[in-house]
Amino acid sequence: MKIEYRANLVAGIASLILGLICILIIPTQISEDFAETYGITSKTVPYAVAYLWVICGIILMAQSLVLKKDQIKVLNVKKELKAVEYMLVLLVYAFLFKKSFLLSTIALGIVTLAFSGDRKKIHYVIVTMVVVILYILFTKVLHVQMP
């Protein structure tokens, strides 16, 4: 299945939405020092980036809708499905990482090799051994606390 879309319009809408989301979540994620009530605070740069994101989105949408400067691109859904599946794997890894660094990272390495179509068993053994060695190095030698 193939989907045709206008590149500037879609990028502009995505930019606008993500910028607005950032503007909404900045107050909940970044605390403000009450001693500094003027000038540059900890929220200044994130707000500037978020507003710039919104402005760029509006400019892209205007180029597409008003100036008619846009390219029609084709998205091959079947070809991109593998990338979406791997993003889901990374999302699962992020959740499992909090439970166990060792098991989740070994699983990620194995799934990554499987996604790339690697059939050599030695590569799976190498990935597993490297993760175990790094885990031992960080936890036992360097005394880094792992999740």
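Treat the numbers as computed from the prediction; the structure is a model and nothing was measured. For reference, positions follow the sequence shown, starting with 1.
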Within the 4.5 Å heavy-atom criterion, are [X] and [Y] side-chain neighbours or not?
X      : Y      : result
Ile126 : Lys120 : no
Leu96  : Leu103 : no
Tyr93  : Thr105 : yes
Val92  : Leu88  : no
Val144 : Leu137 : no
Pro27  : Lys43  : yes
Ile30  : Pro46  : yes

Quick check for you: to the nearest 0.5 Å, what is the distance between [X] atom [atom1] and [Y] atom [atom2]?
X      : Y      : atom1 : atom2 : value
Asp118 : Ile110 : CG    : CD1   : 11.5 Å
Tyr124 : Thr112 : OH    : OG1   : 9.5 Å
Ser64  : Gln71  : OG    : CD    : 11.0 Å
Lys121 : Leu113 : NZ    : CG    : 14.0 Å
Gln63  : Leu9   : CD    : CG    : 11.5 Å
Met1   : Glu80  : CE    : CD    : 12.5 Å

Report yes or no: do [X] and [Y] belong to one cluster of Ile/Leu/Val/Met/Phe/Trp/Tyr joined by side chain heavy-atom distances under 4.5 Å?
X      : Y      : result
Ile136 : Met129 : no
Ile122 : Ile106 : yes
Val49  : Leu16  : no
Val74  : Val77  : no
Leu102 : Val141 : yes

Intermediate values then yes/no, side chain to side chain contact (heavy atoms under 4.5 Å, CB included), Lys2 and Leu75: CA-CA 5 Å; Lys2 294 182 179 183; Leu75 176 71; over 6 Å; no

Qualifying residue for side chain to side chain contact (heavy atoms under 4.5 Å, CB included) with Asn8, from Leu67, Ile59, Ile13, Leu60: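 So, applying the side chain to side chain contact (heavy atoms under 4.5 Å, CB included) to Asn8 and each of Leu67, Ile59, Ile13, Leu60, only Leu60 qualifies.
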
Parallel, tilted or perpendicular, as decided by the 30° and 60° cut-offs, for the rings of Phe101 and Tyr135: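 Parallel, since the angle between the ring planes stays under 30°.
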
Phe115 CZ: over 12 foreign heavy atoms closer than 6.0 Å: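 Atom CZ in Phe115 is packed in, count exceeds 12.
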
Minimal non-hydrogen separation, Ser15 against Gly57, with atom names: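 Here Ser15 and Gly57 meet closest at OG-N, 3.5 Å.
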
Nearest heavy-atom neighbours spanning Ala50 and Ile23: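 Between these two residues, the closest heavy atoms are CB-CG1, 3.6 Å.
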
